[in-house]
There are 2 protein chains.
Amino acid sequence: MAVVDRRQQVIKAAAKSFSLFGYKATTMDQVAKIANVGKGTIYTFFSNKEQLFDEILHTVILEMKNIAEREIRRDKPFFDNLQRVLDALLEFRSEHELFIKLSQEKREFGTPQAQEGLDKLESVILSYIEREVEYAIGLGEVKPCDPKVVSVVMLKLYIVLTSELNKLREPLDKEQIKSYFRLFLAEGLEQKQS
Amino acid sequence: MAVVDRRQQVIKAAAKSFSLFGYKATTMDQVAKIANVGKGTIYTFFSNKEQLFDEILHTVILEMKNIAEREIRRDKPFFDNLQRVLDALLEFRSEHELFIKLSQEKREFGTPQAQEGLDKLESVILSYIEREVEYAIGLGEVKPCDPKVVSVVMLKLYIVLTSELNKLREPLDKEQIKSYFRLFLAEGLEQKQS
DNA sequence: AAATGACCATATTCGTAAAATGGTCAGAAT
DNA sequence: ATTCTGACCATTTTACGAATATGGTCATTT
């Protein structure tokens with residue numbers, strides 16, 4: 001390839017920089033430098049910094065969708081699938097540098113773009129869960145309920161069990177998380193007896 | 001009363017000021033002024049600003065404990081009591097100016113003392129739920145489980161249903177909150193059938 | 001003995017000058 | 001002709017010292 005694909009260079013450089021330094025600390029000069037490209041060139045592909053950021057987010061979103069699709073086994077029960085997909089997604093999220101950097105930036109500086117980016121990624125997860133819940137209700141595996149409410153609660157519960165709880169007690173192991181997840185969402189706490 | 005109770009004056013003034021202006025924007029000069037007291041006088045009762053703040057928090061905590069005790073009916077089922085107490089506490093929390101001001105201050109400035117104050121108040125709610133869960137497990141009303149985990153999840157769930165969800169859809173009404181709360185925690189989502 | 005407010009060291013805010021950044025565009029490179 | 005570029009511009013962000021405000025003390029007053 002005599003003539004390099006400048007668009008790809010820019011995207012790759014931007015992905016690197018946003019992951020490494022976050023939104024605010026990524027400058028267009030820097031992206032140009034990393035991409036070995038004049039700054040003006042970036043603006044022939046993306047109209048501004050936010051749109052470039054969007055492109056990178058979009059890549060991540062596609063990755064996430066693939067991960068989710070890959071984990072689904074249509075022959076298995078809903079709660080099994082849910083568990084496996086959330087597991088894979090949160091694993092991905094906790095290892096992906098872009099997530100880490102954006103979360104840190106949100107905490108530390110409250111950069112609106114970092115916040116929005118995280119929201120976009122979260123909403124992908126949410127709408128994914130929502131669709132699966134609808135499907136499961138259709139199959140009669142899950143009681144009739146508002147899928148939006150349920151999906152938000154599910155994700156929140158998962159985050160509480162996997163991370164927030166760790167500030168208050170030693171972390172739950174994978175098996176415990178699994179069983180509490182089932183206990184709360186599937187079976188219920190109430191002791192049916194006497 | 002010829003000689004006024006300066007300690008009470010200080011406490012009252014501090015409560016007013018912290019509620020009205022938050023932690024950071026409350027100055028010792030101001031408290032002294034409101035209390036009609038010399039600044040030095042405050043330091044004869046409280047060794048510093050943080051300890052004065054603690055005193056005010058403590059008052060609120062006592063109020064909260066009273067509210068909780070008042071809502072408990074030992075003859076009613078656990079989930080009824082839980083529902084009523086959380087309702088009353090979150091109602092109290094959402095109307096108490098000190099809460100509102102501290103939450104705002106935390107969001108806006110990240111004042112560590114505001115954060116710590118809110119954490120203290122939350123931990124009171126948590127340990128209250130924890131105790132009740134333990135009691136309910138003892139009675140066999142609730143399946144055996146770690147009360148710490150369960151209490152955190154319960155509070156979180158309640159907050160999601162009552163406030164966080166409102167960013168994504170129109171708010172649930174009281175009846176809906178009640179029924180989702182039961183659905184998730186008590187009965188479980190799983191359709192037991194065929 | 002209790003209360004006070006002027007006082008002190010430190011922290012915060014403010015104004016401004018300097019530096020950095022997002023975005024443009026006339027011209028260079030191909 | 002088309003693509004690419006980096007000097008350039010307007011605006012934003014930072015750096016920093018001066019001025020102000022604040023938490024806390026203590027010699028003096030009540």
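Below, each value reflects all heavy atoms present in this structure, side chains not excepted, and no hydrogens, waters or symmetry copies. From a predicted model like this one, the values you see are computed outputs, not experimental measurements.
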(request) Please assess B:K120 against B:D54 for the test salt bridge (Lys or Arg N to Asp or Glu O under 4.0 Å), listing each intermediate value before the final yes or no. (result) CA-CA 10 Å; B:K120 268 181 204 165; B:D54 266 0; 2.7 Å; yes
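- Residue A:R6 places at least one side-chain N or O under 4.0 Å from the OP1 or OP2 atom of D:dC4.
- Taking atom NZ of residue B:K49 and atom C1' of nucleotide D:dA21, one finds them 12 Å apart after rounding to whole Å.
- Look at CE on A:M28: it is 21 Å from P on D:dC8, rounded to the nearest Å.
- B:K24 comes within 4.0 angstrom of sugar-phosphate atoms only, judged by non-hydrogen atoms across all strands, and of no base.
- Taking the six-membered ring wherever Trp is involved, the centroid distance between the rings of B:F53 and B:F18 falls below 6.0 Å.
- Between D:dT3 and A:T44, no contact under 4.0 Å exists linking OP1 or OP2 to a side-chain N or O.
- When the nearest nucleotides of DNA chain C are assigned to A:G40 and A:D29 by heavy-atom distance, the more 5′-ward of the two goes with A:D29.
- Of the possible donor and acceptor atoms, none in the side chain of A:T111 sits under 3.5 Å from a partner among the backbone N and O of A:A114.
- One can place CZ of A:F21 at 12 Å from P of C:dT21, the figure rounded to the nearest angstrom.
- Contact annotation for B:T27: backbone-only contact, meaning every heavy-atom pair under 4.0 Å involves sugar-phosphate atoms and none involves a base.
- When rounded to the nearest whole Å, the span between OH of B:Y43 and P of C:dG5 equals 15 Å.
- In this structure, A:E132 pairs ionically with A:R74, as a charged nitrogen and a carboxylate oxygen lie closer than 4.0 Å.
- Within 4.0 Å (heavy atoms only), B:K39 reaches at least one base atom of the nucleic acid.
- Considering A:L185, A:I137, A:L82 in turn, A:I137 is the only one that fulfils the side-chain contact (heavy atoms from CB on, under 4.5 Å) rule with A:V142.
- What separates CZ of A:F109 from C1' of D:dT14 is a distance of 12 Å, to the nearest Å.
- When rounded to the nearest whole Å, the span between CD of A:Q30 and P of C:dT21 equals 8 Å.
- Taking atom CD of residue A:Q113 and atom C1' of nucleotide C:dT21, one finds them 13 Å apart after rounding to whole Å.
- Nearest-nucleotide positions on DNA chain D for B:S47 and A:V37 put A:V37 closer to the 5' end.
- Following rounding to the nearest Å, A:K33 (NZ) and C:dT21 (C1') show an atom-to-atom distance of 14 Å.
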